[in-house]
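Reading through the structure tokens given below for one structure.
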Amino acid sequence: MTVIPTIRVQSTDFDLQSEIDTLTMGRRDIGAVVTFSGLCRDECGALSALELEHYPGMAEAEMRRIAEMAIERFSLLGLTALHRYGKIMPGENIVLVVAAAPHRQAAFDGASFMMDFLKTSAPFWKKEHAADGTARDWVAAKDADDTARDKWR
Amino acid sequence: MTVIPTIRVQSTDFDLQSEIDTLTMGRRDIGAVVTFSGLCRDECGALSALELEHYPGMAEAEMRRIAEMAIERFSLLGLTALHRYGKIMPGENIVLVVAAAPHRQAAFDGASFMMDFLKTSAPFWKKEHAADGTARDWVAAKDADDTARDKWR
Amino acid sequence: MSTKLVYFAWVRERIGKPEEEIVIPDNVVTVRDLLNHLKSLGEEYENALQYPEVIRVAIDQEHVEHSEKIAGAREIGIFPPMTGG
Amino acid sequence: MSTKLVYFAWVRERIGKPEEEIVIPDNVVTVRDLLNHLKSLGEEYENALQYPEVIRVAIDQEHVEHSEKIAGAREIGIFPPMTGG
């Protein structure tokens with residue numbers, strides 16, 4: 001049976017419980033579900049918001065490519081990846097990944113793999129809004145994210 | 001600031017979203033939340049239910065000891081671990097871990113560490129109820145679970 | 001002085017009770033001694049503790065090795081390897 | 001024949017528009033050639049593409065290397081390293 005990932009790019013927030021329910025409802029073969037939620041931090045008060053820009057069409061396509069790799073590699077029974085765009089306030093969700101598998105290691109690996117590749121290859125960009133209104137800088141890509149991705153090779 | 005884990009052993013199901021909300025509400029320093037849900041599988045139709053037995057008092061104490069190790073080791077900002085007991089049907093939740101941290105790797109590691117140690121040292125035992133009503137066997141401990149725990153040493 | 005013993009899972013089922021108070025003889029010093037002593041108490045104990053190397057023991061709700069001394073224990077838990085999660 | 005170029009994040013801001021249609025000269029064969037060609041179109045392009053080694057490019061919404069040929073491309077995306085998630 002081919003597992004089809006659920007991929008969405010949206011401006012609105014998402015409900016984690018309903019995304020899990022969609023993935024697991026009526027199933028008796030799933031033994032492990034791992035979720036990852038990425039939230040906007042205020043960097044100790046320095047940040048008032050993040051602005052998320054994306055490449056419409058390619059963002060979804062790239063997330064789908066990564067999700068299909070993860071499903072194949074870890075034999076996942078389900079995978080959902082949602083990413084928001086637009087203005088996001090500290091404490092709000094930016095990204096959600098839900099991975100389901102028969103056993104825990106595959107579910108952990110699936111979610112972690114999805115995030116590591118999403119960070120480095122899905123076309124999204126973050127701009128910071130400073131709390132004092134002065135600066136508005138684009139977030140720089142981190143070498144640590146490339147390293148995290150490369151550990152899967 | 002000392003982070004106090006939330007530990008509960010209960011017969012009733014839990015609501016994942018409300019557990020996350022309790023951990024993250026009003027905070028602006030959490031960048032990553034990882035949840036792990038362990039569900040009862042029916043083993044391709046062979047199983048009608050699991051019966052979870054625990055050592056009251058020690059179960060909570062041991063989960064708390066593990067949680068405190070995880071918080072210390074991965075500098076977690078929050079950690080919740082809930083485990084059910086009693087009869088659990090296929091598709092239902094058995095265990096829930098929620099780990100919060102500034103960044104994703106610590107949240108993934110914290111949840112995974114908590115599960116690996118919980119599996120091997122928290123005093124819970126599973127008994128299988130066969131779908132055909134004949135056999136009722138205690139689940140055997142797996143070497144793979146010891147191996148998973150030992151990778152953290 | 002008597003000590004409370006608590007049993008779980010198939011150890012409990014084979015011994016046939018969830019807990020009991022027993023008086024531990026003076027020559028029973030370690031957890032290992034206790035398991036051997038219990039095996040002498042009857043067929044049900046022998047059946048439960050046939051392979052002592054797989055049996056886990058907690059003193060006052062903390063895991064201990066079989067070499068641990070039991071002096072001062074208020075409650076001793078005896079059970080198979082854990083299978084929760 | 002013209003090709004659609006789309007820009008994102010600080011590449012978009014520096015060039016000053018989100019997209020445009022341009023006619024690509026015949027001697028522009030690879031992604032690298034295209035980035036060099038764009039830099040010759042004005043200060044805003046030069047500013048955006050000053051360090052071409054950090055610029056990421058997608059042809060028809062798939063990531064490509066700078067050595068990739070652009071012939072046949074309908075849409076070329078040009079942007080900084082991704083910082084989502």
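Here the structure is a predicted model, which means the values were calculated and not measured. Note: hydrogens, waters and symmetry copies are ignored here, and every other heavy atom, side chains too, is used. Chain letters run A, B, ... following the sequence lines, proteins first and then strands; every chain starts at 1.
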Under a 4.5 Å cutoff for heavy-atom pairs, which residue among [options] has the most contacts with chain A?
options: B/Asp42, B/Val34, B/Asp116, B/Asp15; answer: B/Asp42
options: B/Leu16, B/Ile20, B/Thr24, B/Leu47; answer: B/Leu16
options: B/Ser37, B/Ala100, B/Pro90; answer: B/Ser37
options: B/Ser18, B/Gly45, B/Ala107, B/Ala111; answer: B/Ala111

After noting the C-alpha distance and the side-chain angles of B/Phe113 and B/Met69, does the key distance pass the side chain to side chain contact (heavy atoms under 4.5 Å, CB included) rule?
CA-CA 9 Å; B/Phe113 177 99; B/Met69 278 197 293; 4.0 Å; yes
Can you see which heavy atom on [X] is nearest to which on [Y], and at what distance?
X: A/Gly110; Y: A/Ala70; value: O-CB, 4.3 Å
X: B/Met114; Y: B/Met63; value: CE-O, 3.5 Å
X: B/His54; Y: B/Pro56; value: O-CD, 3.1 Å
X: A/Leu77; Y: A/Ala101; value: CD1-C, 4.0 Å

Name the option with the most non-hydrogen atom pairs under 4.5 Å to chain B; the candidates are A/Cys44, A/Pro102, A/Gly38.
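Winner by heavy-atom pair count: A/Pro102.
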Count the heavy-atom pairs under 4.5 Å between each of A/Lys119, A/Arg28, A/Met25 and chain B, then report the option with the highest count.
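That would be A/Arg28.
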Side chain proximity check, A/Glu128 to A/Leu50, heavy atoms < 4.5 angstrom:
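Contact flag for A/Glu128/A/Leu50 side chains = yes.
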Spell out the residues in residues 91-98 of chain B that have some non-hydrogen atom less than 4.5 Å away from a non-hydrogen atom of chain A, in order of number; otherwise answer 'none'.
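Result: B/Gly91.
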Among residues 143-153 of chain B, which residues come closer than 4.5 Å to chain A, judged by heavy atom distances?
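Within residues 143-153 of chain B, the residues under 4.5 Å from chain A are B/Asp145, B/Ala148, B/Lys151.
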Non-neighbouring partners of B/Glu72 that pass side chain to side chain contact (heavy atoms under 4.5 Å, CB included), sequence neighbours left out:
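With neighbours one apart ignored, the set is empty.
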Any donor-acceptor N/O pair, A/Arg84 side chain to A/Ser11 backbone, under 3.5 Å:
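Indeed, once roles are kept as given, a pair shorter than 3.5 Å links the two residues.
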Are any side-chain N or O atoms of A/Ser121 and backbone N or O atoms of A/Phe117, one a donor and one an acceptor, separated by less than 3.5 Å?
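It does hold such a pair.
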How far apart are the C-alpha atoms of A/Leu76 and A/Val3, what are their side-chain angles, what is the distance that settles it, and do they pass the side chain to side chain contact (heavy atoms under 4.5 Å, CB included) test?
CA-CA 8 Å; A/Leu76 302 180; A/Val3 176; 5.6 Å; no
What distance do A/Arg65 atom CZ and A/Leu118 atom CG have between them, rounded to the nearest 0.5 Å?
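Reported value, rounded in 0.5 Å steps: 12.5 Å.
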Which pairs with one or both residues in residues 47-56 of chain A pass salt bridge (Lys or Arg N to Asp or Glu O under 4.0 Å), sequence neighbours excluded?
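Counting only pairs at least two positions apart or across chains, the salt bridge (Lys or Arg N to Asp or Glu O under 4.0 Å) contacts touching residues 47-56 of chain A are A/Glu53-D/Arg12.
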Chain A contact via B/Ala32 - which portion, at a heavy-atom distance below 4.5 Å
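Contact with chain A: backbone and side chain both.
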Would you check, one step at a time, whether the test side chain to side chain contact (heavy atoms under 4.5 Å, CB included) holds for B/Glu62 with B/Met58?
CA-CA 6 Å; B/Glu62 192 65 23; B/Met58 182 176 169; 4.2 Å; yes
